[in-house]
Every structure is written in structure tokens, then in C-alpha cells.
Amino acid sequence: QVQLVESGGGWVQTGGSLRLSCALSGHTAGAAGWFRQASGKEREFVASIRWFDANTRYADAVKGRFTISRDRAKKTVHLQMNGLKPEDTAVYYCASTPRAYNSGSPYYSDQTKYEHWGQGTQVTVSS
């Protein structure tokens, strides 16, 4: 059974840090990503990682503040979020795909290319 289980969300003040984790089971990922959806807005890309070589990509809004990583042995994806801002408040979703694309592929930030999704975890940043 394919499962993605997220953890680590919560409440933090501006400038604080949180670390999200996503445990993958029941499938082999070619790539994994984090997306977020703020209230009243569409879901948007945050970061992605290619599984075999940990090649990463970030949305401009989080570059330099967020770091995505993966633990191959534990089949877990992490999102370390530093320097959090109120505009980072959203439900964060982990997603995976069995496919691995070329480094420059736009597919990594395309949520329609991800087959499996977690249930989401709330991140709230207060000012």
C-alpha cells in the first residue's frame, strides 16, 4: 500500500524554524517534492529532490531559507525551514513520483507529475 505520512508541522514565530518529514512506503520514488497551499490560494511548488542523486530544486520564494533532503535508507524526505515568514503559513504536502527526469526538467515543479500525496501538515507562522 502506497503511503506518504508527513510530520513536523506546527506553530512558530517569524524567523523561527521547523523541520517537516515525510515517510514513504509501498513504492519506490524517482523524485519527491513539497508543495503548499495557503488559505484561499492554489497549491504551489516549494522544493523537490531527485532520489538517486539528491539533485534539488526550489521555488524562488524559499531559496536560501528552505532545504530539502532525503534519507535513502529510511525512505524519508525532509524539509528544513529556516527564517520563516508569515507568508509561509500554509498546509504543506509531500508528494512523490516513480519517475526521475533530467535536472533541468520543469516537471519537478509540476504537481500534476506527482502520483502520490500525503495528507498535509499545517505550518503557521505568526508575526
Can you confirm whether [X] sits close enough to [Y] that some side-chain heavy atom of one is under 4.5 Å from a side-chain heavy atom of the other?
| X | Y | result |
| --- | --- | --- |
| Lys113 | Thr97 | no |
| Leu84 | Thr14 | no |
| Trp34 | Ser48 | no |
| Tyr93 | Arg43 | yes |
| Gln37 | Glu44 | no |

From CZ (Arg36) to NZ (Lys41), nearest 0.5 Å: 8.5 Å
Reported CD-to-NZ distance for the pair Gln3 and Lys75, which is rounded to 0.5 angstrom: 11.5 Å
Among Val123, Leu18, Ile68, Val62, side chain to side chain contact (heavy atoms under 4.5 Å, CB included) partner for Leu79: Ile68
Testing Thr89, Thr124, Val125 for side chain to side chain contact (heavy atoms under 4.5 Å, CB included) with Val12, which one passes? Val125
Considering non-hydrogen atoms only, spot the tightest contact between [X] and [Y] and give its length.
| X | Y | result |
| --- | --- | --- |
| Ala90 | Gln122 | O-NE2, 3.4 Å |
| His116 | Leu4 | CB-CD1, 3.5 Å |
| Ala32 | Tyr114 | C-CE2, 3.9 Å |
| Gly30 | Ala100 | O-CB, 3.8 Å |

Take atom OH of Tyr101 as the centre, draw a 6.0 Å sphere, and report whether it contains more than 12 heavy atoms from other residues, nucleotides or ligands. yes
Gln13 atom CD, neighbour heavy-atom count above 12 within 6.0 Å: no
Hydrophobic cluster membership, [X] vs [Y], 4.5 Å side-chain cutoff:
| X | Y | value |
| --- | --- | --- |
| Val91 | Phe45 | yes |
| Met81 | Tyr58 | yes |
| Leu24 | Phe52 | no |

Looking at [X] and [Y], would you say the former's side chain and the latter's main chain have a donor-acceptor pair under 3.5 Å?
| X | Y | result |
| --- | --- | --- |
| Asn102 | Ser105 | no |
| Glu6 | Gly120 | yes |
| Thr76 | Lys74 | yes |
| Arg70 | Trp51 | yes |

Between the side chains of [X] and [Y], is a donor N or O closer than 3.5 angstrom to an acceptor N or O?
| X | Y | value |
| --- | --- | --- |
| Arg50 | Thr56 | no |
| Asn82 | Ser17 | yes |
| Tyr108 | Arg57 | no |

Does Lys63 come within less than 4.0 Å of Asp60, counting only side-chain N to carboxylate O? yes
CA sep, side-chain torsions, deciding dist, call: Ser96, His27, side-chain hydrogen bond (donor to acceptor under 3.5 Å, both in side chains): CA-CA 9 Å; Ser96 69; His27 67 294; 2.7 Å; yes
Does Trp117 have its ring centroid less than 6.0 Å away from the ring centroid of Phe35? yes
Derivation and outcome, side-chain contact (heavy atoms from CB on, under 4.5 Å), residues Asn55 and Ile49: CA-CA 5 Å; Asn55 181 273; Ile49 188 164; over 6 Å; no
